[in-house]
Amino acid sequence: VSSEPLLDTPRRLTVLRDRPDITFRSVARAGGIVVLTIMLLVGLFLAFRAAQALGVAKGSFFTEQAWNPDAGKFGIAAVLVGTLLIAAVAIVIAVPLATGTALYITEYAPERIRRFLVGLVDLMAAIPSVVYGLWGFFFLQENITPISRWISQTFGWIPIFAVDGVNPDDPLATSTVYTSSTFIAGIVVALMITPIITSIMREVFSQAPLGEREGALALGATKLGMIRSVVIPFGAGGMIGGTMLGLGRALGETIAVYMIISPIFAIQPHILQAGANSVSALIALRYGEATQFGTSALMAAGLTLFLMTLVINFAASAIVARSRSGASS
Amino acid sequence: MTDIVVRPLTDLTVSAVTDALEVDETIDEFEQDTAHGGGTTVPGRGVADRSSDPEVRRSNGLRISDVLAVIGAAVASLSATIVIFTQLAPLQGPIAFAAVAYIGFVIFYALLVAADESAPIVRDRIVMVAVHSLAFVVFATLVFVVAFSVIRGAAALPHLNFYTQDMSLAGPLDPLSDGGIVHAIAGTLIQIVIALIITVPLGLTTALFLSEIPGKFARFVRTIVEAMTALPSIVAGLFIYASIILLFGLGKSGFAASLAISVMMLPIMIRSADVVLRLVPHTLKEASIGLGAGQWQTVWRVVLPTSRSGLMTAVILATARGIGETSPVLLTSGFTAGLNLDPFHGPMVSLPLAIFEFVKSPEPTMIARGFGTAAVLMFIVLALFVIARVIGGQTIAKREKRRDRVAAAIAAGSALATFTVALARSLPDRARRIRNFFPTRGTPASTTTSTTTSNQDGNP
């Protein structure tokens, strides 16, 4: 009838929604808006209150080591370095442990205990951090001192392992200089994040395609050869992503660190020596006595910590999503 | 196309060939892997075929020399370490002993394996030992951390008053038979219930919004929620402290603590619930819409029932995180030694905070109380976790099967009940008939056991 040529245009669909659908959509959207408002409120409130302190401190906020907000002399150089050192110790210890455990669960463990071990790892990730703090304070603190002493005596020529004010030739020297250190806090945080990292690594290792595993074995690879040529390359993205998620948790950990360290407000590069600090411990330590402006300064420190974990988390999820193993999830 | 097919193959061949070809071992492993993974299946051999083959094939890949190598290396390293510690070096302590013995074991084992195997196999064995020991260290340490709290708190746990009294009348020097943590248990329960009242409706609605009404706005909300999962818990506490307590002057209370826990739990819950909802198969939703259901009906009758166990798991795991967090509570709830059931007025202590305050004291009884509280807290987390596993492990098929079983049981039960009732109803009748059978006996009403019913029925 019509002389116009038929075009392949999509049909316009009109959706008529009845009353329950409209109600559902508006309630769900309202829920989303409320959550978005709360989340933005938290972020904006932090930024707004932090701006007050940052406006006073300006650039010295990142270079000043002392924390006296009411005297106008405050900065996060010491606590930030302390946070990063504790997290670095934790990661250095946790990543080999987590890799080994994840490989054990996926590749070596007998089939019948595998499910149990997976459940155990997930449960350990849910153990409250204060329990790890108790263990670190009452057990590790006393028993790690000989190891700290040995490391500092053997590797003391490396600057970070040096310990000031101790005579290595004096067998009766007090060991208190080795307690409450970055090293001990790092070990406790490492134990806390090991289950988290293990859980993610195990997930990606178990997804390595069976065909490629069999291919490697059929070509004569040993189990190690199969792991190195199939499992690790396949799970590399997940390994990095899991490590970064663990790092995010390590940076934000408060109570376990707070219980162990003896806080100092100076950059402490010697990880075996008593005295350490972290941003979250600083907040827990100083919020009670803080004035209006002091709270604002703490907010600035908290905001810095939040931005750091934020960047790390987004980078982690981007790496996981781009990797071969994370593409499906 | 060819590129895609070829790449993984070349990767494999290159790295697999660099590791030497060790056929003997790996076929066993290969068979194991396929048997477990269920990848390829070997065509079954007939019975006659098997009987003609006299030698039964070993399939566990373990040879007597492997076991002997482990035992020999262990004995050698133990002996060498004892010699070193007693005769040669001034080393002390169990940790140093274990470290030296372990290093010795790895070296001796490598030497023993190297005696009759090639280099790739030696490397394979060393890595195997390393992986086993790393996993052992992790599991042993984690179990030890948990056991340590329970053992140190064992002195406090058997006292019944530990669960029924608060600390308002018990001082640091009082024995463990005085005072308890009922105030902390009550505080934790009240705070977590308020937090759940806030987060569950809000979190699940938002998760439904993210998965059911996709679009630019939903993507934006999802990004913000993901960003907020990175919020350190102490910063969440600081936010509530600075806004609710300092700005609005509410005062430190259980409610403020609940709000802080909610801010922390909400993103965690939304994120995991969103993942669960996105796993609902599209075919199910399309089938529902194809049958003429609207969006709400699809959500209510298909999406939510399908993902119910996953959503429950998301809620329970977020609850476990919320219960265990100390830092937001430290800033917002205040501390009290007494029982406070009013979340809006006065400080209210919770389990993690009670642990933290108990162990600050130098008194051994207070520290024992702290460890006992930690054991109680871990028990609650463990219980939540087990519930989550049980619920999360249910698939729809399993749930339906159980529902069928329950329905069958109910049907059987009701049939039995009907039968019993019918029997009971007919009893007087039967009794009468039996009695009528023996007409010479005395008056029926006085002798029957079921007097009331028979009287109601009455004899004509």
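Here is how names work: the chains are called A, B, and so on, in the same order as the sequence lines, proteins then strands, and each is numbered from 1.
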query = Where on B:R152 is there a heavy atom nearer than 4.5 Å to chain A: the side chain, the backbone, both, or neither?
reply = side chain
query = Do B:I367 and A:F137 come close enough that some side-chain heavy atom pair is under 4.5 Å?
reply = no
query = Would you say A:M39 and B:V263 make side-chain contact, with heavy atoms under 4.5 Å?
reply = no
Proximity breakdown for A:D18 and chain B, heavy-atom pairs closer than 4.5 Å = neither
ask   = A:L36, A:V42, A:L140, A:L117: which one forms the most heavy-atom pairs within less than 4.5 Å of chain B?
value = A:V42
ask   = Looking only at heavy atoms, which two atoms of B:F209 and A:A28 are closest? And how far apart?
value = CB-O, 3.3 Å
query = Where does B:V146 contact chain A at under 4.5 Å (heavy atoms): side chain, backbone, both or neither?
reply = side chain
query = For the side-chain contact (heavy atoms from CB on, under 4.5 Å) test, which of B:T326, B:T373, B:V359 pairs with A:V130?
reply = B:T326
request  = To the nearest 0.5 angstrom, please state how far the CD1 atom of A:I283 sits from the CG atom of B:L330.
outcome  = 11.0 Å
request  = Could you check B:R123 against A:R228 for side-chain contact (heavy atoms from CB on, under 4.5 Å), going step by step and ending with a plain yes or no?
outcome  = CA-CA 12 Å; B:R123 263 183 279 146; A:R228 272 175 46 197; 3.7 Å; yes
query = Taking every heavy-atom pair that is under 4.5 Å apart, which of B:A230, B:G237, B:S327, B:A135 has the most such pairs with chain A?
reply = B:A230
query = What pair of heavy atoms forms the shortest contact from B:W296 to A:P20, and how long is it?
reply = CD1-CB, 3.6 Å
query = Considering all heavy atoms of both residues, which atom of A:G31 and which atom of B:T206 are nearest to each other, and what is their separation?
reply = O-OG1, 3.3 Å
Portion of A:F139 that has a non-hydrogen atom of chain B nearer than 4.5 angstrom = both
task = Considering only heavy atoms and a distance below 4.5 Å, find which of A:S129, A:A284, A:A30, A:G32 pairs most often with chain B.
result = A:G32
From B:I213 atom CD1 to A:R29 atom CZ, the distance as rounded to the nearest 0.5 Å = 5.0 Å
request  = Would you mind checking which part of A:L46 comes under 4.5 Å of any heavy atom in chain B, side chain (CB onward), backbone (N, CA, C, O), both or neither?
outcome  = side chain
request  = Mind ranking B:I224, B:L279, B:V145 by heavy-atom pairs under 4.5 Å with chain A and telling me who comes out on top?
outcome  = B:V145
query = Taking every heavy-atom pair that is under 4.5 Å apart, which of A:V35, A:I22, A:L310 has the most such pairs with chain B?
reply = A:V35
ask   = So which part of A:I147 gets closer than 4.5 Å to some heavy atom of chain B, the side chain, the backbone, both or neither?
value = side chain
request  = Against chain B, label A:M308 side chain, backbone, both or neither, depending on which of its atoms sit under 4.5 Å from a heavy atom there.
outcome  = neither
task = Identify which of B:I323, B:V225, B:V299 forms the greatest number of heavy-atom pairs closer than 4.5 Å to chain A.
result = B:V299
task = Answer with side chain, backbone, both or neither: which region of B:V386 has an atom nearer than 4.5 Å to a non-hydrogen atom of chain A?
result = neither
Region of B:V137 that comes under 4.5 Å of a non-hydrogen atom in chain A = side chain
ask   = Which bit of B:F217 comes within less than 4.5 Å of chain A, counting heavy atoms only: side chain, backbone, both or neither?
value = side chain
key: Partner chain A: residue of B:A242, B:P352, B:G370, B:A374 with the largest heavy-atom pair count (under 4.5 Å)   = B:A242
ask   = For A:I105, is it the side chain, the backbone, both or neither that has a heavy atom under 4.5 Å from a heavy atom of chain B?
value = side chain
query = side-chain contact (heavy atoms from CB on, under 4.5 Å) between B:Q295 and A:R17: does it pass, once the steps are laid out?
reply = CA-CA 8 Å; B:Q295 191 175 16; A:R17 299 188 189 282; 3.6 Å; yes
key: Atom pair CE (B:M228) and CG (A:L40), whose distance is rounded to the nearest 0.5 Å   = 8.0 Å
remark   = Cut-off 4.5 Å, heavy atoms of chain A, and the answer for B:L210 is neither
task = Can you establish whether the number of heavy atoms outside B:F144 located under 6.0 Å from its atom CZ is more than 12?
result = yes
request  = Heavy-atom pairs under 4.5 Å with chain A are the metric here; pick the option from B:A375, B:A218, B:A130, B:G294 that has the most.
outcome  = B:G294
ask   = Out of A:V27, A:D21, A:T194, A:N313, which one racks up the most heavy-atom pairs below 4.5 Å with chain B?
value = A:D21
inquiry  = Just verifying a value: how many Å separate B:L142 CG and A:I127 CD1, rounded to the nearest 0.5 Å?
reply    = 8.5 Å
query = Does any non-hydrogen side-chain atom of A:F24 lie less than 4.5 Å from one of B:W300?
reply = no
key: Segment of B:L331 engaging chain A (4.5 angstrom heavy-atom cut-off)   = both
request  = Please examine the side chains of B:P232 and A:T309, heavy atoms only from C-beta on, and report whether any two atoms are closer than 4.5 Å.
outcome  = yes
ask   = Heavy atoms, side chains only, cut-off 4.5 Å: are A:F45 and B:L247 in contact?
value = yes
ask   = Are any non-hydrogen side-chain atoms of A:I38 and B:L202 less than 4.5 angstrom apart?
value = yes
remark   = In this structure, CD of B:E325 is separated from OG1 of A:T254 (nearest 0.5 Å) by 7.5 Å
request  = Go through A:T295, A:L134, A:L245 and name the one with the most non-hydrogen pairs under 4.5 angstrom from chain B.
outcome  = A:L134
message = Does any backbone or side-chain atom of B:L377 lie under 4.5 Å from a heavy atom of chain A? Answer side chain, backbone, both or neither.
response = side chain
remark   = Cut-off 4.5 Å, heavy atoms of chain A, and the answer for B:T223 is both
message = Within the 4.5 Å heavy-atom criterion, are B:V127 and A:Y108 side-chain neighbours or not?
response = yes
message = At a heavy-atom distance under 4.5 Å, which candidate from A:V121, A:L191, A:L251 has the highest pair count against chain B?
response = A:L191
task = Check each atom of A:L120 against the heavy atoms of chain B and say whether the ones under 4.5 Å are side chain, backbone, both or neither.
result = side chain
remark   = The interface call for B:P201 against chain A, heavy-atom contacts under 4.5 Å, is neither
remark   = So, the part of A:L103 with a heavy atom under 4.5 Å from chain B: the answer is both
inquiry  = Using ring centroids (six-membered ring only for Trp), state whether B:F148 and A:F138 fall under 6.0 Å.
reply    = no
query = Which region of A:V34, side chain (C-beta onward) or backbone (N, CA, C, O), has a non-hydrogen atom less than 4.5 Å from a non-hydrogen atom of chain B, or is it both or neither?
reply = side chain
query = In Å, rounded to the nearest 0.5 Å, how long is the span from OG1 of A:T222 to CE of B:M128?
reply = 11.5 Å
message = Are A:Y104 and B:F136, when compared by the centres of their aromatic rings, separated by less than 6.0 Å?
response = no
inquiry  = Which heavy atom of B:S149 sits nearest to which heavy atom of A:V131, and what is that distance?
reply    = OG-CG1, 3.6 Å
ask   = Nearest heavy-atom pair of B:F239 and A:L41: which atoms, and what distance?
value = CE1-O, 4.1 Å
task = Return the minimal non-hydrogen interatomic distance between B:L238 and A:M299, and the atom names on each side.
result = O-CE, 3.8 Å
key: B:T141 versus chain A, the contacting section by heavy-atom distance below 4.5 Å   = side chain
